[in-house]
Number of protein chains: 2
Amino acid sequence: MTPLSAASGVENVLRILEGRWKLVILFHLFGGKVLRFSDLERAIPAISQKMLIQQLRQMEADGIVRRIVHHQVPPKVEYCLTDWGQALCRALDALLKWAALREAEA
Amino acid sequence: MTPLSAASGVENVLRILEGRWKLVILFHLFGGKVLRFSDLERAIPAISQKMLIQQLRQMEADGIVRRIVHHQVPPKVEYCLTDWGQALCRALDALLKWAALREAEA
DNA sequence: GCCCAGCCTTACTTTCAGGTAAGTACCTTA
DNA sequence: TAAGGTACTTACCTGAAAGTAAGGCTGGGC
């Protein structure tokens with residue numbers, strides 16, 4: 001495993017998380033929560049609809065978010081994490097733990 | 001721990017890693033390696049001097065890179081990771097392992 | 001005395017993620 | 001018939017990150 005291949009592996013992961021809003025959305029969905037589009041809008045007031053749908057679509061394409069459409073009027077669309085998406089929680093914990101180390105050593 | 005505080009915690013970590021070149025540089029320094037500026041230039045041919053020094057300085061400011069100046073002519077400056085920087089390796093492994101999970105489940 | 005290696009800086013340009021604002025489509029209720 | 005809720009789209013704009021290219025500093029060797 002060369003420095004470049006390892007780096008690009010991590011970069012691919014970060015590309016999934018990158019974007020101003022992905023993490024905020026993720027943390028709202030962690031724990032198996034199922035939220036509607038409008039729930040997320042309300043939970044994250046600063047986000048625009050465009051950004052919300054854009055980030056959700058990307059995360060869906062990346063396979064960490066599941067989109068559930070209920071065919072009814074008014075429309076109802078729910079979002080939750082895939083199993084793989086939920087598993088991300090533990091990996092992010094590793095990062096937080098690492099960040100906490102800084103205090104200990106500095 | 002609210003969704004927003006957790007997200008911002010992770011975001012702070014990602015801010016340390018963000019930038020087109022940080023990870024590439026990091027992986028060249030993992031394992032306790034000590035490299036000169038010109039070594040890094042050679043190891044990462046696509047990077048410009050400006051970007052290299054910029055990312056190194058930021059990582060130094062963030063406390064993950066140590067800069068060692070030898071006062072001599074021609075100048076000699078070496079870069080290596082702090083202990084905290086080295087510890088990052090394990091956290092990134094968690095991300096890679098998570099990424100590997102995808103194959104298993106998809 | 002001037003040129004070179006090695007490290008870094010500065011000024012200018014380009015590119016793109018993200019922001020704003022408005023519009024679409026659908027059906028239901030009044 | 002019109003008003004309104006829900007999810008999403010489109011067009012346009014802006015600022016920050018990254019790229020390019022060139023220049024500066026230093027003292028020893030020629």
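Order of the sequence lines sets the chain letters (A, B, ...), proteins ahead of strands, with each chain counted from 1.
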Restricting to salt bridge (Lys or Arg N to Asp or Glu O under 4.0 Å), what partner residues turn up for B/Asp93, sequence neighbours left out?
none
Sequence neighbours excluded, which residues qualify as salt bridge (Lys or Arg N to Asp or Glu O under 4.0 Å) partners of B/Glu11?
A/Arg20
Starting at [atom1] of [X] and ending at [atom2] of [N], how long is that distance when rounded to a whole Å?
X       : N      : atom1 : atom2 : result
A/Ile47 : C/dA17 : CD1   : C1'   : 13 Å
A/Lys76 : D/dC8  : NZ    : P     : 14 Å
A/Leu23 : C/dA17 : CG    : P     : 17 Å
B/Arg20 : C/dA17 : CZ    : P     : 13 Å
B/Gln49 : D/dC25 : CD    : P     : 16 Å

Smallest separation among heavy atoms of [X] and [Y], with atom names:
X       : Y       : answer
B/Ser8  : B/Ser5  : OG-O, 3.1 Å
B/Ile44 : B/Ile25 : CD1-CG1, 3.9 Å
A/Leu40 : A/His28 : CD2-CB, 4.3 Å
B/Ala94 : A/Ala91 : O-CB, 3.9 Å

Verify the cluster assignment for B/Val69 and B/Leu35: are they in a single hydrophobic cluster under the rule of side-chain heavy atoms below 4.5 Å apart?
yes
Quick one, B/Leu88 and B/Leu17 - any side-chain contact, counting heavy atoms below 4.5 Å?
yes
Test item: A/Thr2 and B/Phe27 side chains (from C-beta on) under 4.5 Å apart, heavy atoms
no
For [X], what residues pass the side-chain hydrogen bond (donor to acceptor under 3.5 Å, both in side chains) criterion, not counting sequence neighbours?
X       : answer
B/Glu41 : B/Gln49
B/His70 : B/Glu78
A/Arg90 : none

With a 4.0 Å cutoff (strictly under), does any side-chain N or O of [X] reach OP1 or OP2 of [N]?
X       : N      : result
B/Arg67 : C/dC8  : yes
B/Tyr79 : C/dC8  : yes
A/Trp21 : C/dG19 : yes

Letter per nucleotide, 5' to 3', of nucleotides 25-30 of chain C [B base touched, S only sugar-phosphate touched, - untouched; heavy atoms, 4.0 Å]:
--BS--
With axes from five pairs an end, tell me the bend angle of the helix from C/dG1-D/dC30 to C/dA30-D/dT1, nearest 10°.
40°
Positions of [range] (non-hydrogen atom under 4.0 Å from DNA chain C), listed by number:
range                     : result
residues 28-44 of chain B : B/Arg36, B/Phe37, B/Ser38
residues 50-60 of chain A : A/Lys50, A/Met51, A/Gln55
residues 7-19 of chain B  : none

Between A/Thr82 (side chain only) and A/Gly63 (backbone N and O only), is there a donor and an acceptor less than 3.5 Å apart?
yes
Under the side-chain contact (heavy atoms from CB on, under 4.5 Å) test, residues paired with A/Cys80 that sit two or more places apart:
A/Val34, A/Arg66, A/Ile68
What orientation do B/Trp98 and A/Trp84 show, parallel under 30°, tilted 30 to 60°, or perpendicular over 60°?
parallel
Can you pull out every salt bridge (Lys or Arg N to Asp or Glu O under 4.0 Å) where at least one residue sits in residues 52-63 of chain A? Sequence neighbours excluded, please.
none
